[in-house]
Participant: 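Once you've had a glance at the structure underneath, I'll fire off some questions.
Protein chains get the first letters and strands the later ones, always in sequence-line order, with residue 1 at the start of each.
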Number of protein chains: 2
Amino acid sequence: MTHILVVDDDKQLLRALRIALTARGYEVSLAPDGTSGLLAAQRGPLDLVIVDLGLPDLDGVRVVEALRGWSATPIIVLSARLTEESKIDALDAGADDYVTKPFAIGELLARVRAALRRSVPVEQIPIVRTDAFTVDLTARRVLGADGTEIRLTPTEWHVLEMLVRNPDRLITHRQMLHEVWGPRYETETNYLRVHMANLRRKLEPEPSRPRHLRTDPGLGYRFTP
Amino acid sequence: MTHILVVDDDKQLLRALRIALTARGYEVSLAPDGTSGLLAAQRGPLDLVIVDLGLPDLDGVRVVEALRGWSATPIIVLSARLTEESKIDALDAGADDYVTKPFAIGELLARVRAALRRSVPVEQIPIVRTDAFTVDLTARRVLGADGTEIRLTPTEWHVLEMLVRNPDRLITHRQMLHEVWGPRYETETNYLRVHMANLRRKLEPEPSRPRHLRTDPGLGYRFTP
DNA sequence: CCTGATCTTGATGACTTCTTGACGACGTCC
DNA sequence: GGACGTCGTCAAGAAGTCATCAAGATCAGG
């Protein structure tokens, strides 16, 4: 579910936003000041952050800057300040949007949708991680746990890609042979054995005890992140 | 240079924006109505579009929708309308931001910077450096480690550009042949071998042991900075 | 029309990847 | 407990791909 963090010291507004956002199907976290907001942001991945500029401990601009230090999550800034400078400062610090209080809740929700829509291309990069390796499907690259590149042959990549695109789902011998080698090779399960062995040798910490590239005896193979 | 299209029927505002944006180093195109705005957008690649909602021919929201049909260029909407619905409509149609008239020019500029910053990851990689050579994509130039210019042929440049614009990403033979030579040459992998060899001879310290222009056997080539 | 640069084309050897067959380990079913 | 089938492993030969070179074809500019 889409996860939104709201940082604001106005209890009443916080409650109103929680209700409005939850009603739209967002998962909402709340933080009453900048420090706890940053802590909450570090705890888990967020899809959007809404920050008030007037916080009791930190200036909201500081919060935006801190967040931008390590995260690309979209940020919407709220503020009662009317001066132009504060808007500019916040946007230049890395905020994605700026809403002046008082605002209509419907407008804020529209801006939330716009910000989330924009961030989709960034978020949805197909990268699959396990504790042993990372598969970047767009770059066609596999990195080991230590970040070194692991080189795969064309067939190995094709097999791995098919498994990784269907996490936790069983891929039958037939399906895989059909997709990778073609319709006429659906009985050549030998091929699978050899190439799966090679993949495991390159990717699994203990190739003989595979934890991510698993075998379903008699049926096929399965990737578990 | 960053190219911005402004669509508005208010001549005075148009002039003010042109001056303000040009002064900031942006390249500015102007269009007085929606139709000519869309035409201008189709003519060449844009980095940002600013649209007024109140246009003489089309509603600004229609313009936004039309643009979004084929382009991901960031869009900022201007409007004198105060109703909440119009903002929501515009943002949901695909606009990235919404500014109410009258606005301070400084705020608009900040929002322009914010919108451009967001779109950066897609567009902007003007200069790429490695320890052996530097590629300036805008100037179409390559410099060696000692700063001397390295001359590339048109095809060499086209190939190198495609690789450098996608660092660490695999470019398949097919993709490269399609883009550089055209759809009918997708099987002529010989071409690639010859031109990659030439590029390596010019760019790599040890052409036979390439470190930046790498080959993924059976798949394609890859640039690693 | 000539000249120099650039691109295409073909041939070669080195290398990588794939296929193929054999063998033992494991689990299941009778 | 033994026979059977499936799986993982290994190694060697076959097939394919790549880098490199050089010569012919093509193109642009003078």
Participant: Is it the case that Thr215(A) and Arg200(A) place a side-chain donor and acceptor less than 3.5 Å from each other?
Facilitator: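 There is such a pair (donor and acceptor under 3.5 Å, judged by atom type) between the side chains of Thr215(A) and Arg200(A).
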
Participant: Would you indicate what Trp181(B) reaches in the nucleic acid, counting non-hydrogen atoms under 4.0 angstrom: base, sugar-phosphate, or nothing?
Facilitator: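 Here Trp181(B) touches the backbone only, sparing every base.
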
Participant: Please evaluate residues Glu156(B) and His195(B) with respect to the criterion side chain to side chain donor-acceptor pair (under 3.5 Å), reporting the C-alpha separation (whole Å), side-chain torsions for both, the decisive distance (0.1 Å), and the verdict.
Facilitator: CA-CA 6 Å; Glu156(B) 283 164 10; His195(B) 288 282; 5.0 Å; no

Participant: Has Tyr221(A) got a side-chain N or O lying under 4.0 Å from the OP1 or OP2 atom of dT6(D)?
Facilitator: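 For Tyr221(A), the contact criterion (side-chain N or O under 4.0 Å from OP1 or OP2 of dT6(D)) is not met.
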
Participant: With distance as the sole criterion, is a donor-acceptor pair present between the side chains of Thr35(B) and Asp57(B) under 3.5 Å?
Facilitator: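 Checked: Thr35(B)/Asp57(B) side chains pair up, N/O donor to acceptor below 3.5 Å.
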
Participant: Does OP1 or OP2 of dC18(D) have a side-chain N or O of Arg193(B) closer than 4.0 Å?
Facilitator: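 Looking at the OP1 and OP2 atoms of dC18(D), one of them is under 4.0 Å from a side-chain N or O of Arg193(B).
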
Participant: Let me spell it out: for each of Asp216(B) and Val194(B), pick the nucleotide of DNA chain D with the closest heavy atom. Which residue's pick is nearer the 5' end?
Facilitator: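 Counting from the 5' end, the first nearest nucleotide belongs to Asp216(B).
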
Participant: Report yes if a side-chain nitrogen or oxygen of Arg200(B) is closer than 4.0 Å to either non-bridging phosphate oxygen (OP1 or OP2) of dA19(D); otherwise report no.
Facilitator: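 Affirmative; the distance criterion is met.
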
Participant: Among dT17(C), dT9(C), dT9(D), which nucleotide has an atom closest to any side-chain atom of Glu188(B)?
Facilitator: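 Comparing dT17(C), dT9(C), dT9(D) against the side chain of Glu188(B), the answer is dT9(C).
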
Participant: Considering just the side-chain nitrogens and oxygens of Thr153(A), establish if one lies under 4.0 Å of OP1 or OP2 belonging to dT16(C).
Facilitator: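 False: Thr153(A) side-chain N/O out of range (4.0 Å or more) of dT16(C) OP1/OP2.
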
Participant: Does Asp216(B) pair with Arg140(A) as a salt bridge, N-O distance under 4.0 Å?
Facilitator: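 Looking at Arg140(A) together with Asp216(B), the answer is no, because their closest N to O distance does not fall below 4.0 Å.
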
Participant: Does His173(A) make a side-chain N or O approach to OP1 or OP2 of dT6(D) shorter than 4.0 Å?
Facilitator: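 No, outside the criterion.
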
Participant: Please determine if a side-chain N or O atom of His195(B) lies less than 4.0 Å away from the OP1 or OP2 oxygen of dT8(C).
Facilitator: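 Yes, because at least one side-chain N or O of His195(B) sits under 4.0 Å from OP1 or OP2 of dT8(C).
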
Participant: Reading DNA chain C from 5' onward, which residue's closest nucleotide shows up sooner: Tyr191(A) or Arg151(A)?
Facilitator: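 Looking at DNA chain C, the more 5' nearest nucleotide goes with Arg151(A).
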
Participant: With nearest nucleotide decided by heavy atoms, which residue, Leu152(A) or Glu156(B), maps closer to the 5′ end of DNA chain C?
Facilitator: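 Counting from the 5' end, the first nearest nucleotide belongs to Glu156(B).
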
Participant: Whole angstrom is fine here: how far is it from CE in Met196(A) over to P in dT6(D)?
Facilitator: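 For the pair Met196(A) CE and dT6(D) P, the rounded distance is 18 Å.
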
Participant: Within the structure shown, what part of the strands sits under 4.0 Å from Thr189(B) by heavy-atom distance: base, sugar-phosphate, or nothing?
Facilitator: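 Nothing, no nucleic acid heavy atom in range.
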
